[in-house]
Amino acid sequence: MIPESTLLALVDRFDCPLYVYDSEKIRQQYDRLQNAFSYTSVKINYACKALTNINILKFIRDLGSGLDTVSIQEVKLGLRAGYKQKDIIYTPNCVSLEELELAVELGVRINIDNLSILEQFGQKYPDYPVCVRINPHIMAGGNSKIMTGHIDSKFGISIHQLPHILRIVKATNLKIEGLHMHTGSDILDPMVFVRASEILFKAAMEFKDLDYLDFGSGFKVSYKEGGEATDIEDLGDKISVAFENFCKEYGKDLTLMFEPGKYLVSESGSFLVKVNVIKQTTSTVFAGIDSGLNHLIRPMFYEAYHHISNLSNPSGKPRFYTVVGYICETDTFAVNRKIPEVREGDILRFHNAGAYCFSMASNYNSRYRPAEVFYINGESHLIRERETMEDILARQIELDIFN
Ligand SMILES: *Cc1c(COP(=O)(O)O)cnc(C)c1O
């Protein structure tokens with residue numbers, strides 16, 4: 001854990017708003033997940049869209065992880081970070097065949113999520129083994145924006161279309177090396193994974209030459225003190241038993257894959273901001289900070305809860321605040337939140353700011369994106385500079401046709 005005094009010192013050194021990531025927490029989460037399974041052939045592929053700084057990618061590679069990617073750019077980042085081709089799995093949705101052709105050129109594993117592309121791909125690259133993303137139609141996930149396995153979801157090929165998948169495989173001679181599912185995010189109950197795995201096991205019996213089954217991710221981590229989280233050890237026990245039984249029936253020991261994003265990096269991150277203004281209105285007390293939905297959009301996008309502490313006044317008398325950003329939109333981080341007395345100039349800390357925070361940041365309102373710091377072995381390293389006006393103008397072309 002990074003001492004709070006260190007966080008405050010980092011604000012002095014690098015200014016705010018500032019993202020800080022604790023490597024030790026990432027390592028702990030990785031080890032805990034790996035150790036939760038008695039089944040030996042478990043492979044973790046970090047879903048890097050959660051946090052894409054190349055140093056984070058390298059650190060997680062050193063832990064022994066593979067990489068789950070959702071764009072060709074993430075594939076390139078992964079290769080640049082030193083992941084081997086076979087350790088990168090590319091799981092896009094609704095991309096063109098051209099993007100998959102690039103993935104073939106780059107030599108990474110490919111996970112196909114619709115029948116049209118599967119057929120086109122099979123005709124063109126019958127010798128390039130692929131994985132198929134199955135939608136098991138399991139209702140799971142914290143809220144509708146992060147559910148991906150339900151009947152209306154755009155993700156994956158419906159389990160009910162299995163006969164069509166098999167027909168394409170037969171017609172094109174495509175080798176299917178893996179089956180994949182990812183049913184959503186913030187899934188608390190391990191039984192959801194067990195039920196979904198049963199569906200995948202049944203489908204897997206139809207494919208004779210599989211190397212792995214990929215159960216995706218969606219593990220819930222706690223965002224509040226005393227909040228609920230997926231019981232990873234319970235999950236590990238249940239899935240290990242089920243998987244071993246399946247492998248016996250299948251006649252081959254397959255690799256069991258997971259691709260956690262949030263689980264690995266969420267709790268490692270802190271987002272540090274300064275309070276610009278305390279504004280009393282007739283209905284509430286606003287704490288206006290030097291950030292907004294341009295830096296951390298999860299509260300507005302998903303109604304996500306992020307715990308907020310007052311780093312510079314931890315023992316202040318707790319009061320209720322509505323914490324808002326400086327963007328010209330309603331960018332409310334928290335309503336009626338009890339925080340030790342907040343004064344102008346105080347430094348607030350958003351917890352669980354590792355996953356889907358910086359990676360969703362933008363330049364809206366022409367604001368700079370924050371700097372990022374990685375804390376490893378007691379040392380703080382700047383891993384991204386704060387943007388400048390040059391970044392805002394970088395790709396703009398100023399025409400010379402104006403007076
Ligand atoms: C986003 C994503 C993940 C990671 O989900 P988390 O909830 O962050 O663990 C895994 N697999 C795929 C295909 C994804 O799109």
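One-based numbering along the sequence shown. Atoms within each ligand, like the ligands themselves, are counted from 1 in listed order.
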Taking atom types as modelled, is there a side-chain donor on [X] or [Y] under 3.5 Å from an acceptor on the other?
| X | Y | value |
| --- | --- | --- |
| His180 | Thr91 | no |
| Asn363 | Glu387 | yes |
| Tyr212 | Glu177 | yes |

Inset, instruction - Would you check whether Gly218 reaches within less than 4.0 Å of ligand 1, judged by its heavy atoms? - result: yes
Inset, instruction - Take every heavy atom of Gly216, measure it against each atom of ligand 1, and state whether any distance is under 4.0 Å. - result: no
Could you tell me the residue and atom name of the protein heavy atom closest to [atom], and the distance to it rounded to 0.1 Å?
| atom | result |
| --- | --- |
| atom 9 (O) of ligand 1 | Ser217 OG, 2.4 Å |
| atom 8 (O) of ligand 1 | Tyr356 OH, 2.5 Å |
| atom 13 (C) of ligand 1 | Glu259 OE2, 3.2 Å |
| atom 7 (O) of ligand 1 | Ser185 OG, 2.4 Å |

Per-atom contacts, ligand 1 versus [X] - under 4.0 Å to a heavy atom:
| X | answer |
| --- | --- |
| Pro260 | 9 (O) |
| Lys262 | 6 (P), 8 (O), 9 (O) |
| Thr91 | 13 (C) |
| Asp68 | 11 (N), 12 (C), 13 (C) |
| Gly261 | 4 (C), 6 (P), 8 (O), 9 (O) |

Inset, instruction - Could you tell me whether Lys279 atom NZ has more than 12 heavy atoms of other residues or ligands within 6.0 Å of it? - result: no
Inset, instruction - Applying ring pair (Phe, Tyr, Trp, His ring centres under 6.0 Å) between Phe243 and each of Phe258, Phe37, Tyr39, report the one that passes. - result: Tyr39
Inset, instruction - Would you please indicate if the ring centroids of Phe374 and Phe59 are separated by under 6.0 Å? - result: yes
Inset, instruction - Report the part of His182 in contact with ligand 1, treating N, CA, C, O as backbone and CB onward as side chain, heavy atoms under 4.0 Å; options are side chain, backbone, both, neither. - result: side chain
Inset, instruction - Using a 4.0 Å heavy-atom cut-off, say whether Ala47 meets ligand 1 through its side chain, its backbone, both or neither. - result: side chain
Inset, instruction - Please determine if Lys49 has a nitrogen or oxygen closer than 3.5 Å to a nitrogen or oxygen of ligand 1. - result: yes
Inset, instruction - Test ring pair (Phe, Tyr, Trp, His ring centres under 6.0 Å) on Tyr223 and Tyr305 and set out the steps. - result: CA-CA 7 Å; Tyr223 275 71; Tyr305 180 98; 8.2 Å; no
Legend entry - Donor-acceptor contact present, side-chain Ser222 to main-chain Lys224, <3.5 Å: yes
Inset, instruction - Could you tell me whether Lys262 and Glu267 have a side-chain N and a carboxylate O separated by less than 4.0 Å? - result: no
